[in-house]
Amino acid sequence: VVVGAGFAGLAAAKVLSRFDADVTLVDRRIYSTFQPLLYQVATGGLNPGDVAYSVRTFVRRKHLHYRHGTVCAVDADHQEIILEVGEALPYDYLVLATGAAVNHFGVPGAAEHAFSLYTRSDAIALRDALMARLERRAEAGTGGGLTLVVVGGGPTGIETAGALAELRNAALAVAFPELDRHQMRVVLVEQSQELLGLFAPALRRYTLRQLQRRGVEVRLNTAIRAVAADRVTLEGGESVPADLTVWAAGVTVPPETKGWGLPQGRGGRLEVETDLRVKGHDRIFAAGDLAILGAEGLPQLAQPAIQTGRHAARQVGRLLRGEPTEPFRYRDKGIMATIGRRAAVAQLPFRIHLRGTVAFLAWLGLHIDMLLGHRNRASALLNLSWRYLSWPEGSGIIVGDIPED
Ligand SMILES: Cc1cc2nc3c(=O)[nH]c(=O)nc-3n(C[C@H](O)[C@H](O)[C@H](O)COP(=O)(O)OP(=O)(O)OC[C@H]3O[C@@H](n4cnc5c(N)ncnc54)[C@H](O)[C@@H]3O)c2cc1C
């Protein structure tokens, strides 16, 4: 049984499908979400369907089984997992890959008032809230006066802030001519002294310059103390108006993990041995964002998730054949983040660092290629090309419904 149809779970299931085994993939959603492009959905650049792929289609192609459900308990003694509906699913080997969830670090008001960006529903909610605020101001003829605050200077934060700034700079004049774009602020708040901590210093500085060039107000060395419906309070007591706050500041494990009775390390992630078996459990593996190998763990990114998912599945194969397991070794294929049109950073192996148009095209090509399904690839390529090629004229925001108050 594989739990979680994200990067790690799908990679594991694909490998397991090659063995003489009965493989069931369990997920609480009927689709797999491509999280790296959620911010595009949230800013009206992609359709929600572009980042979602049917799990049933995936399993049918690989001769696997799919079970829709949320795993709420793991009974290691009886080798079964318990779904929220009360049903037990037995396993010989279990691969847990349920990913990450938002961490508000107990900041008052953050859970109630800030938008996060982990699921397709999160992205739709953020997009609709953004459009609702723009629409209300346009109807009222207030000429703007809108502040968008993004909390967290990691890849998700900078990508979201960059996209919001470009939306304002390019699209607003056409989509909402009543609004004065100069009255719309995008503020990015990061508590450490630099953006994109995982990247080389030159790429971090480039990112900062590019965001500032797009008019993003970057507040470094600044922690958020509280979030309210219409403002955020910064460390030191400064109050910043915030018509919409996006929380991209931290991750933890999904809440159900606590009840599984498995060893949890930093950030609540499941502690694994070098072969990715959960400590103290011979038949349970953990992979992706959920697993922590060593004290620090691998970065919570797509590549570590794919590679750990594959490795866990290969070890199940070895155990089925009566062979000893092998330790996991991570092959770093690099990291990327995009700031906006023709501006991205890529840190590749052999100290190859790219930025600007080359990095942007590499980012675009890689993300389209990684999407599941030809239709999603074609549709995302069309929508992103439309967005980035048409932005000088500012047309084509993908809209949804205005939420009812
Ligand atoms: C907004 C955003 C942008 C990102 N951008 C990038 C990027 O540009 N590059 C990059 O490399 N990485 C990026 N990442 C990180 C990357 O998406 C994750 O590291 C990766 O998705 C982790 O894969 P996973 O399989 O561990 O978990 P996930 O992909 O999160 O999959 C977990 C799955 O488990 C399911 N699930 C959870 N709990 C349960 C349960 N109890 N029962 C049943 N099913 C459950 C979920 O529905 C989900 O389908 C981004 C992440 C986010 C949120």
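Side chains included, hydrogens not; waters and symmetry mates left out as well; all remaining heavy atoms used. On a predicted model such as this, the values are computed, not experimentally measured, just so you know. Counting convention: from 1, in listed order, for ligands and their atoms alike.
- Salt bridge annotation for Glu166-Arg214: present, with a cationic side-chain nitrogen under 4.0 angstrom from a carboxylate oxygen.
- Between Arg225 and Glu235 there is a salt bridge, with a side-chain nitrogen of the basic residue lying less than 4.0 Å from a carboxylate oxygen of the acidic one.
- For a heavy-atom separation below 4.0 Å, the residues in contact with ligand 1 are Val3, Gly4, Ala5, Gly6, Phe7, Ala8, Asp27, Arg28, Arg29, Gln35, Pro36, Gly69, Thr70, Val71, Ala97, Thr98, Gly99, Leu117, Tyr118, Thr156, Glu256, Gly288, Asp289, Gln300, Leu301, Ala302, Ala305, His367.
- Salt-bridge formation is detected for the pair Glu238/Arg219: a Lys NZ or Arg NE/NH1/NH2 atom is positioned less than 4.0 Å from an Asp or Glu carboxylate oxygen.
- Judged by the 6.0 Å distance and 45° axis criteria, Arg120 is positioned over the aromatic ring of Tyr31.
- Using cut-offs of 30° and 60° on the angle between ring planes, the pair Phe328 and His311 is perpendicular.
- Ring geometry for Phe7 versus Phe34: interplanar angle over 60°, hence perpendicular rather than tilted (30 to 60°).
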